Student: 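What follows is a single structure, and I will ask about it in a moment.
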There are 2 protein chains.
Amino acid sequence: MRDYIDPIARLINEFSKLPSVGNKTAQRYALRILNMSDDQVANFVDAIIYAKKNVKFCQICGNFTDVDPCRICSTRDNSTICVVKEAKDVLAIEKLSTFAGVYHVLNGVLSPLDGIGPDQINLKSLLLRLGKGNVKEVILATNPDVEGEATAMYIARLVKPLGIKVTRLAQGVSIGSDLQYTDEVTLSRAIENRKEI
Amino acid sequence: MRDYIDPIARLINEFSKLPSVGNKTAQRYALRILNMSDDQVANFVDAIIYAKKNVKFCQICGNFTDVDPCRICSTRDNSTICVVKEAKDVLAIEKLSTFAGVYHVLNGVLSPLDGIGPDQINLKSLLLRLGKGNVKEVILATNPDVEGEATAMYIARLVKPLGIKVTRLAQGVSIGSDLQYTDEVTLSRAIENRKEI
């Protein structure tokens with residue numbers, strides 16, 4: 001026996017498809033599953049099947065939802081659309097309870113090196129939404145990294161000609177941070193974007 | 001929407017039961033599952049069910065197996081038993097291809113603080129095996145940490161009176177390591193256990 005028996009090897013292989021899970025971690029997960037009681041495994045499997053069956057993408061915003069259109073799209077002010085990379089970002093902004101508009105989840109960002117162009121992300125549906133006419137502002141809330149910036153710039157170029165206000169999350173020093181440890185790009189961006197008080 | 005909808009929350013909760021998986025990681029896993037195709041999810045679920053159904057514990061050694069007794073117990077020299085903490089350790093030793101004996105998987109180590117005593121690990125079955133009379137040596141291959149050491153000492157005290165040779169993995173400096181970076185306990189153990197050449 002130089003390797004795990006087939007059922008275990010297959011399980012390890014499946015677990016290693018999860019993000020950032022290598023062989024060693026997948027192995028730990030597989031062995032934990034085998035050490036669970038039958039009931040625990042049944043719950044685990046049911047949760048996967050139940051989620052996969054009941055969670056859909058909202059046809060309007062692309063966010064995960066169990067009703068279509070989602071609760072946010074059907075109840076909130078849809079004149080302001082906040083464009084984010086993925087569902088997790090919606091949750092991060094929702095936790096603030098300060099944003100009253102709706103979202104648009106791109107489910108990715110432009111990344112030519114990985115073969116992800118405008119057609120691979122949820123972009124066409126954003127333009128369709130904007131075409132309907134009552135949108136006043138698009139907030140580009142993709143991550144402040146290379147791909148997020150490029151995606152924001154790309155979308156801005158498409159949206160501006162429609163006469164819709166396009167904004168981007170402010171970039172500057174983090175609250176509570178220490179200037180001497182702030183990276184150079186952030187610091188120079190903070191100086192560039194300085195605000196009169 | 002301050003939190004994930006119920007099917008996602010439930011899935012995150014299940015994933016967070018895997019070892020060392022916190023909320024953020026469980027969230028990433030859950031979202032990956034939701035982004036998988038139906039076929040991929042079916043494969044994932046099938047692998048879990050198949051493994052849980054087909055993998056048993058060998059009645060002799062306690063290792064995972066799909067036939068009982070396992071291939072190692074039924075084909076190899078059973079006069080030498082190598083006692084390990086868990087199934088992963090069997091694999092680590094098997095990879096060497098130098099050990100011709102059989103194993104005994106404790107499925108844990110003594111850890112009084114966690115409420116794990118001799119009855120919580122697979123120890124009684126080891127004594128039953130030894131009682132059958134043809135075992136000549138027991139190699140204690142639990143980890144060289146506090147709990148592994150304590151477990152080895154405990155088992156040694158039970159086995160020695162039976163007149164069976166009890167050995168422990170050699171402890172010393174690792175091959176290829178640098179003395180100046182070797183921890184003190186290991187180094188002093190290496191001096192203590194020095195060998196005439």
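Each chain gets a letter, A, B and so on, in the order the sequences are listed, and its residues count up from 1. Since we're looking at a predicted model, the values are computed, not measured.
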Student: Taking atom NZ as the centre, does A/Lys53 end up with more than 12 heavy-atom neighbours from other residues, nucleotides or ligands that are less than 6.0 angstrom away?
Tutor: no
Student: Please check if A/Val90 and A/Ile81 belong to a single hydrophobic cluster, counting links between Ile, Leu, Val, Met, Phe, Trp and Tyr side chain heavy atoms closer than 4.5 Å.
Tutor: yes
Student: Select all residues of residues 29-50 of chain A having any heavy atom within less than 4.5 Å of some heavy atom of chain B, and report them by number, or 'none'.
Tutor: A/Tyr29, A/Leu31, A/Arg32, A/Ile33, A/Leu34, A/Asn35, A/Met36, A/Ser37, A/Asp38, A/Gln40, A/Val41, A/Asn43, A/Phe44, A/Val45, A/Asp46, A/Ala47, A/Ile48, A/Ile49, A/Tyr50
Student: Is A/Lys56 atom NZ crowded by more than 12 heavy atoms from other residues, nucleotides or ligands, each under 6.0 Å away?
Tutor: yes
Student: When you group the ILVMFWY residues by side-chain heavy-atom contacts below 4.5 Å and let the links chain together, are A/Leu106 and A/Leu110 in the same group?
Tutor: yes
Student: Can you check whether anything in residues 167-185 of chain A gets within less than 4.5 Å of chain B, heavy-atom wise, and list it by number?
Tutor: none
Student: Under the rule for side-chain contact (heavy atoms from CB on, under 4.5 Å), what residues qualify as partners of A/Gln27, not counting sequence neighbours?
Tutor: A/Tyr4, A/Ile12, A/Asn23, B/Lys88
Student: Using every non-hydrogen atom in the two residues, find where B/Ala51 and A/Pro7 come nearest and quote the distance to one decimal.
Tutor: CB-O, 3.7 Å
Student: Which bit of A/Arg28 is near chain B, if near means a heavy-atom gap under 4.5 Å: side chain, backbone, both or neither?
Tutor: both
Student: Using only non-hydrogen atoms and a strict under-4.5 angstrom cutoff, which residues of residues 129-164 of chain A touch chain B?
Tutor: none
Student: Treat each ILVMFWY residue as a node, draw an edge where side-chain heavy atoms are under 4.5 Å apart, and state whether A/Val67 and A/Val105 are in one component.
Tutor: no
Student: Between A/Asp66, A/Asn54, A/Asp6, which shows the greatest number of heavy-atom pairs under 4.5 Å with chain B?
Tutor: A/Asp66
Student: Which answer fits B/Phe15, side chain, backbone, both or neither, if we ask what part of it has an atom under 4.5 Å from a heavy atom of chain A?
Tutor: both
